[in-house]
Each structure stands twice: as structure tokens, then as C-alpha cells.
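Side-chain atoms are counted along with the backbone in the values below, which use heavy atoms only and exclude waters and symmetry mates. We count ligands from 1, going down the list as the structure has it; atoms in each ligand are counted the same way.
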Amino acid sequence: MNYSQYVVHSPQNLNEALGILKEKASEIRLISGGTDVMVLIKDNIIKEKELLNLSFLNELRYIHEEGNTIKIGALITYKELEKSKVVNLNAPILVDASKTIGAAQIQNLGTLAGNLGNASPAGDSIPPLYVLNASVKLQSADSERVVPVSEFFLGPRKTKRAPNELITEIAIEKTKPGLYYFFKKLGLREANAISLVSVACIADLDQYKKVNSIKLALGAVAPTVMFAVKSEKLATDKQLDLNLVDEIARSVSEEISPITDIRGSAEYRRRAAYGLVYEGLYEVLMGTAKRVSGSFEGVY
Ligand SMILES: Cc1cc2nc3c(=O)[nH]c(=O)nc-3n(C[C@H](O)[C@H](O)[C@H](O)COP(=O)(O)OP(=O)(O)OC[C@H]3O[C@@H](n4cnc5c(N)ncnc54)[C@H](O)[C@@H]3O)c2cc1C
């Protein structure tokens with residue numbers, strides 16, 4: 001592999017970037033933090049010979065609050081999410097997931113847009129984005145559209161992004177204070193591991209632990225991240241107790257459609273999904289799960 005064989009375009013603003021993309025479209029590979037792309041280059045598995053380096057587009061580095069929505073510019077990194085007061089207060093599940101993505105080096109460079117663009121069913125920011133009702137803004141030189149994240153993926157490595165479009169923004173819904181949430185992932189080792197299974201959950205329970213509503217999204221168990229729709233329905237309006245925790249976890253393990261690959265068998269993934277959902281809901285039942293608190297002690 002020889003890096004010098006690539007022609008790198010480094011536009012200084014969004015208009016310039018969209019202009020280059022309009023002209024080159026599928027001949028050019030977008031690169032933000034480069035934590036996926038550089039691995040592909042090293043392994044010689046990208047076909048494009050030109051790179052569109054987005055890292056100078058400072059207009060895509062922002063986190064804005066707009067009513068019930070948080071708008072996140074495409075170049076925001078995991079570390080910036082972890083330090084953001086507005087994200088910690090209103091979408092802490094995304095902070096928890098960001099902290100599990102690679103190690104510090106990856107979190108300093110990797111972006112949400114890159115995780116979406118990479119379109120791996122094991123992308124760890126994606127289940128939280130599902131339960132946060134996220135949407136993805138796609139911009140080209142001539143148009144702009146917004147796609148719900150749950151409709152963005154067409155399969156492994158396939159998305160609705162057209163070759164002349166960039167992801168420029170991700171919008172998420174704020175989570176109401178008091179709601180329970182958890183993000184859990186299982187890999188082949190404790191840290192710096194690709195998920196074998198991941199689960200994101202946001203649940204609204206009343207003071208007697210009756211489930212008013214619940215969202216459960218799972219990663220690495222189907223061609224795309226998926227909502228466990230049947231299991232969510234099963235849980236809704238029921239009193240959470242040990243039997244229901246077991247029933248929901250079993251239902252999730254039956255609802256997913258995992259494959260067997262080098263990291264684990266389909267059966268192992270079903271059991272792991274059962275275990276992660278059981279553990280998370282057990283913590284909700286016992287009152288030890290995290291709740292959106294509306295307070296933040298970290299560094300802004
Ligand atoms: C050691 C290591 C550990 C890792 N650990 C994890 C982990 O635990 N969990 C996890 O989910 N991932 C992990 N990753 C993968 C990677 O870090 C993430 O997917 C990250 O979010 C990619 O972001 P990036 O900005 O670096 O993307 P890049 O590498 O720049 O791009 C990734 C893909 O997205 C496309 N893209 C980039 N920007 C845009 C844009 N604005 N619009 C449209 N498409 C775009 C690129 O063309 C490319 O196809 C790991 C990677 C490494 C090397």
C-alpha cells in the first residue's frame with residue numbers, strides 16, 4: 001500500500017466540498033476522522049483513487065439545541081460528544097456509547113457521520129441514534145434532504161446516501177428527565193472490540209414500574225441495526241417484574257436474525273442478546289439503571 005497513490009482534495013468550506021463531490025461523485029471517497037478509511041486503504045480494499053478530506057469544514061463542527069432537538073454537525077467527534085453539556089444532559093445514552101468506541105485515539109478522531117457512512121451493523125453509535133429518533137441530513141450541491149436514521153441503512157455497508165451527497169448533520173431528540181436508559185455491548189474482549197451484540201434502550205416507567213413506553217434497538221444481530229418492535233409491544237403497558245424481564249429478553253433473542261461469523265455463532269448472539277437485555281432491564285427493575293437526571297458534573 002502506498003498512500004502517495006491517492007489524490008487528496010481538501011476543500012476549505014462546504015460549498016467547495018459539495019462542488020467537488022458533484023463533479024467526482026462515485027470516483028471519490030469521503031474521509032472525516034479516517035479511522036475506518038485508513039484501515040481500508042492499508043488493506044487495499046477501496047476502489048476510489050481520490051479522497052475528499054472533510055476535516056477542514058469547520059462549519060460542520062457544532063452542537064446546537066433547537067427546542068426538543070439537538071443538532072450535531074457531521075464533524076463532531078466522540079470525544080466532543082462526551083464533553084458536551086447539552087448532550088450529557090439530554091442524550092446521555094449517546095455519551096455512554098461514545099465512551100465504548102475504540103480507545104481515546106479513536107474517540108478523538110472518529111465521528112458519528114463516519115460511523116453512519118461506514119454502515120456496519122455493529123456500529124456502536126447507531127443503536128443509541130435509533131432510540132433517540134435521530135435523523136440524518138444529506139446535502140448535495142443542488143439539494144438537501146433529511147432521512148430518519150432507522151430508514152437510512154439498506155444493508156451492511158449500504159445506505160440511502162447518493163454518491164453526490166454528504167452527511168452534514170445528525171439531529172436527535174432530547175430524552176425527558178426521569179427516563180431510564182442503558183447502552184450495553186458485548187465484544188470478544190473488554191475494550192477496543194467490535195460488538196458481537198449491542199443494545200440501546202430508553203424506557204419510560206411510572207412510579208410503580210409500569211412500562212409506559214420502551215424503545216429497544218439492537219446492533220450486530222441483523223443486516224442493519226434494528227428495533228425489537230415485537231418485544232417493545234410486549235412490554236408496553238405491563239408491570240415490570242422478574243417474569244416480564246425474562247419474557248422481554250427471550251422475545252428479543254427470538255426476534256433478531258443474527259448470522260454466524262468469525263466472531264461468534266448465531267446461537268451465541270441470541271444468548272448474548274438475551275443476557276444484555278435481561279441485565280439492563282433487571283437494573284431498571286432494581287432501580288440501579290441510569291436515569292436522565294438533568295444534571296452534569298463533567299468538563300464542558
Ligand atoms: C482500532 C479501532 C477501533 C474501533 N472501535 C470501534 C468501536 O468500538 N465501535 C464502532 O462502532 N466503531 C469502531 N471503529 C470504527 C470507526 O472508528 C468508527 O466507525 C468511526 O465512527 C468512523 O468515523 P470516522 O470519522 O473516522 O470515519 P471515516 O473513516 O472518515 O469514514 C468512514 C466511512 O464513512 C464515510 N464518511 C465519512 N464522513 C462522511 C460524511 N460526512 N458523509 C457521508 N459519508 C461519510 C467514509 O467515506 C467512509 O466510508 C474502530 C476503528 C478502529 C481503527
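Checking Ser140 against Asp142 by side-chain atom types alone, no donor-acceptor pair falls below 3.5 Å. Side-chain contact check for Ser251 and Ser231: at least one donor-acceptor pair (N or O, by modelled atom type) lies under 3.5 Å. With hydrogens and angles left out, the side-chain atoms of Glu169 and Tyr62 include a donor and acceptor closer than 3.5 Å. With 3.5 Å as the limit, one finds a donor-acceptor pair spanning the side chains of Gln139 and Thr168.
For a threshold of 3.5 Å applied to N or O pairs, the pair formed by Gly102 and ligand 1 contains at least one separation below that value. Among the atoms of Asn192, none of the N or O lies under 3.5 angstrom from an N or O of ligand 1. The shortest N/O to N/O separation between Leu30 and ligand 1 falls below 3.5 Å. The shortest N or O to N or O distance between Ile167 and ligand 1 is below 3.5 Å. For the pair Leu54 and ligand 1, the shortest N or O to N or O distance does not fall below 3.5 Å. Taking any N or O of Gly110, backbone or side chain, none lies under 3.5 Å from an N or O belonging to ligand 1. On a distance-only criterion, Gly34 and ligand 1 share at least one N/O pair closer than 3.5 Å. Of the N or O atoms in Asp124, one or more lie within a sub-3.5 Å distance of an N or O in ligand 1.
Comment: Arg145 engages Glu165 in a salt bridge, judged by a side-chain N to carboxylate O separation of less than 4.0 angstrom. Comment: Asp261 engages Arg269 in a salt bridge, judged by a side-chain N to carboxylate O separation of less than 4.0 angstrom. Salt bridge status for Lys238 with Glu247: absent, with no side-chain N to carboxylate O gap under 4.0 Å. A salt bridge links Lys79 with Glu82: the closest approach of a Lys/Arg side-chain nitrogen to an acidic carboxylate oxygen falls below 4.0 angstrom. Using a cut-off of 4.0 Å between Lys/Arg side-chain N and Asp/Glu carboxylate O, Lys230 and Glu255 are scored as not salt-bridged.
Scanning the protein heavy atoms around atom 18 (C) of ligand 1, the nearest turns out to be Asp36 OD2, 3.4 Å. Of the protein's heavy atoms, Arg29 NH1, 2.8 Å lies nearest to atom 49 (O) of ligand 1. Looking only at heavy atoms of the protein, atom 31 (O) of ligand 1 is closest to Val37 CG2, 3.6 Å. The protein non-hydrogen atom at the shortest distance from atom 53 (C) of ligand 1 is Thr35 O, 3.4 Å. When only non-hydrogen protein atoms are considered, atom 50 (C) of ligand 1 lies nearest to Ile106 CG2, 4.3 Å. The nearest heavy-atom contact from the protein to atom 23 (O) of ligand 1 is Thr111 N, 3.2 Å. Of the protein's non-hydrogen atoms, the one nearest atom 13 (C) of ligand 1 is Ile101 CG2, 4.0 Å. Among all non-hydrogen protein atoms, the one lying nearest atom 21 (O) of ligand 1 is Tyr78 OH, 2.6 Å.
Under 4.0 angstrom from ligand 1, the non-hydrogen atoms of Lys185 all belong to its side chain. The proximity of Thr168 to ligand 1, defined as any non-hydrogen pair under 4.0 Å, does not occur for either the backbone or the side chain. Residue contacts with ligand 1 for Thr100 involve N, CA, C or O but no side-chain atom from C-beta outward (heavy atoms, distance under 4.0 Å). Of the heavy atoms in Met38, none comes closer than 4.0 Å to ligand 1. At a heavy-atom distance under 4.0 Å, no atom of Ser125 approaches ligand 1.
Contact atoms of ligand 1 toward Ile31: 30 (O) (distance under 4.0 Å to a heavy atom of the residue). Distances below 4.0 Å separate heavy atoms of Gly123 from the following atoms of ligand 1: 11 (O). When each atom of ligand 1 is checked for a heavy atom of Ala193 under 4.0 Å away, the hits are 8 (O).
A 6.0 Å sphere centred on OH of Tyr268 holds no more than 12 heavy atoms belonging to other residues, nucleotides or ligands. In this structure, Lys158 places its NZ atom where only 12 or fewer heavy-atom neighbours from other residues, nucleotides or ligands lie under 6.0 Å away.
Ile93 and Ile172 fall within the same hydrophobic cluster, defined by Ile, Leu, Val, Met, Phe, Trp and Tyr side-chain heavy atoms under 4.5 Å apart, directly or through other members.
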Next item on the list: Let me see the working for Asp246 and Tyr274 under side-chain hydrogen bond (donor to acceptor under 3.5 Å, both in side chains), right down to the final yes or no.
Entry: CA-CA 8 Å; Asp246 174 63; Tyr274 172 92; 2.5 Å; yes
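Taking the six-membered ring where the residue is Trp, Phe227 and Tyr130 present tilted rings, their angle falling between 30° and 60°.
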